[in-house]
There are 2 protein chains.
Amino acid sequence: MNQELAIKRLSELGHSTRLSIFRLAVKAGDKGLPVGAIQSELGASASTLSHHIHRLVAVGLIEQQRDGRILNCVANLDAMREVMAFLESECCTQLYFE
Amino acid sequence: MNQELAIKRLSELGHSTRLSIFRLAVKAGDKGLPVGAIQSELGASASTLSHHIHRLVAVGLIEQQRDGRILNCVANLDAMREVMAFLESECCTQLYFE
DNA sequence: TTTATACTTCTAGTCTAATGGAAATATAGG
DNA sequence: CCTATATTTCCATTAGACTAGAAGTATAAA
């Protein structure tokens, strides 16, 4: 994983509403949960939520699957693990290669 | 580690200049490196660098030790590991406790 | 085919971050 | 003391993020 993408993901995760969205998605498991459920859980306006979810999708942390009228948000754990692996290998030790 | 602090640290790391500062500090080891060395490495203005370093210090990711006129910036790896542990335990698995 | 539901996009206001020049502060050396 | 170096603080500007209401789109149901 390159630093540019890692930075984008870190900055998306570094926002209270968005981290909460991601955690709800993780908790919801493979099938994810509807945007509406996130909204009632977090209590922000629909447009604001949509905006944050869009940003998470843009950096690959969330994926969406439509089921009729409902759009389910699914956490992409691989993307999160990539971020963690980047932090581990590039930001915690003196012995990385350039 | 609580979510609020984790978010602050993530958002600080989610910035190109600041992540580079942190990585330089990690690379520099226990004694860290001077603000001036960071400046010549990254090529931003002194005031901008000082601002970013201040933010990293504020969330505990960087510590500073003065040596005469020189201020050395040292990476706080424990703080980074706390962030990673938070991501691991709270943001990657369904089985966390609330 | 009309109506309801679920969500997004548009638009606009407000706030905060990022940037760097200039002035200020801290320390060291002559 | 006076000067040089290292860094910060102050200040102003610019850009981008956050927020939410209103209008628009997609899908389903009656």
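Here the structure is a predicted model, which is why all the values come from computation and not from measurement. The sequence lines fix the lettering, A, B, ..., with proteins before strands; numbering per chain opens at 1.
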Does anything in [range] come within less than 4.0 Å of DNA chain C? Heavy atoms only, and list the residues if so.
{"range": "residues 36-53 of chain B", "result": "B:Ser45, B:Ser47, B:Thr48, B:His51, B:His52"}
{"range": "residues 60-74 of chain B", "result": "B:Arg66, B:Gly68, B:Arg69"}
{"range": "residues 5-17 of chain B", "result": "B:His15"}

Can a donor-acceptor pair be found, under 3.5 Å and without considering hydrogens, that links the side chain of B:Arg9 to the backbone of B:Val59? yes

Donor-acceptor contact below 3.5 Å, side chain A:Ser40 vs main chain A:Gly36: yes

Checking A:Leu42 against A:Ile21 for the side chain to side chain contact (heavy atoms under 4.5 Å, CB included) test, could you report, in this order, the C-alpha distance in whole Å, the side-chain angles of both residues, the deciding distance, and whether it holds? CA-CA 8 Å; A:Leu42 300 183; A:Ile21 291 169; 3.7 Å; yes

Going 5' to 3' along DNA chain C, which nucleotides are the first and last within contact of chain A (any atom under 4.0 Å from a heavy atom)? C:dA4 to C:dT9

Indicate yes or no: does B:Glu88 engage A:Arg81 in a salt bridge with an N to O separation below 4.0 Å. yes

Under 6.0 Å from the CG atom of B:Asn2, do we count more than 12 heavy atoms belonging to anything else shown? yes

What are the bounds, 5' to 3', of the part of DNA chain D that sits under 4.0 Å from heavy atoms of chain B? D:dA4 to D:dT9

Criterion side chain to side chain contact (heavy atoms under 4.5 Å, CB included) on B:Ser20 and B:Glu41, from CA distance to verdict: CA-CA 10 Å; B:Ser20 296; B:Glu41 193 80 32; over 6 Å; no

Just checking, any donor-acceptor pair under 3.5 angstrom between side chains of B:Asn76 and B:Glu63? yes

Side-chain donor-acceptor pair present, A:Thr48, A:Ser45, cut-off under 3.5 Å: yes

Ignoring hydrogens, what is the shortest heavy-atom contact between A:Gln39 and A:Ala44? Give both atom names and the distance. CG-O, 3.3 Å

Let's go through B:Val57 and B:Gln64 carefully: what are the C-alpha distance in whole Å and the side-chain angles of both, what is the deciding distance for side chain to side chain contact (heavy atoms under 4.5 Å, CB included) to 0.1 Å, and is it a yes or a no? CA-CA 8 Å; B:Val57 170; B:Gln64 293 184 298; 3.8 Å; yes

Identify, with sequence neighbours excluded, every residue that meets ring pair (Phe, Tyr, Trp, His ring centres under 6.0 Å) alongside A:His51. none

Using the rule that Ile, Leu, Val, Met, Phe, Trp and Tyr join whenever any side-chain heavy atoms are under 4.5 Å apart, tell me whether A:Leu49 and A:Val74 fall into a single cluster. no

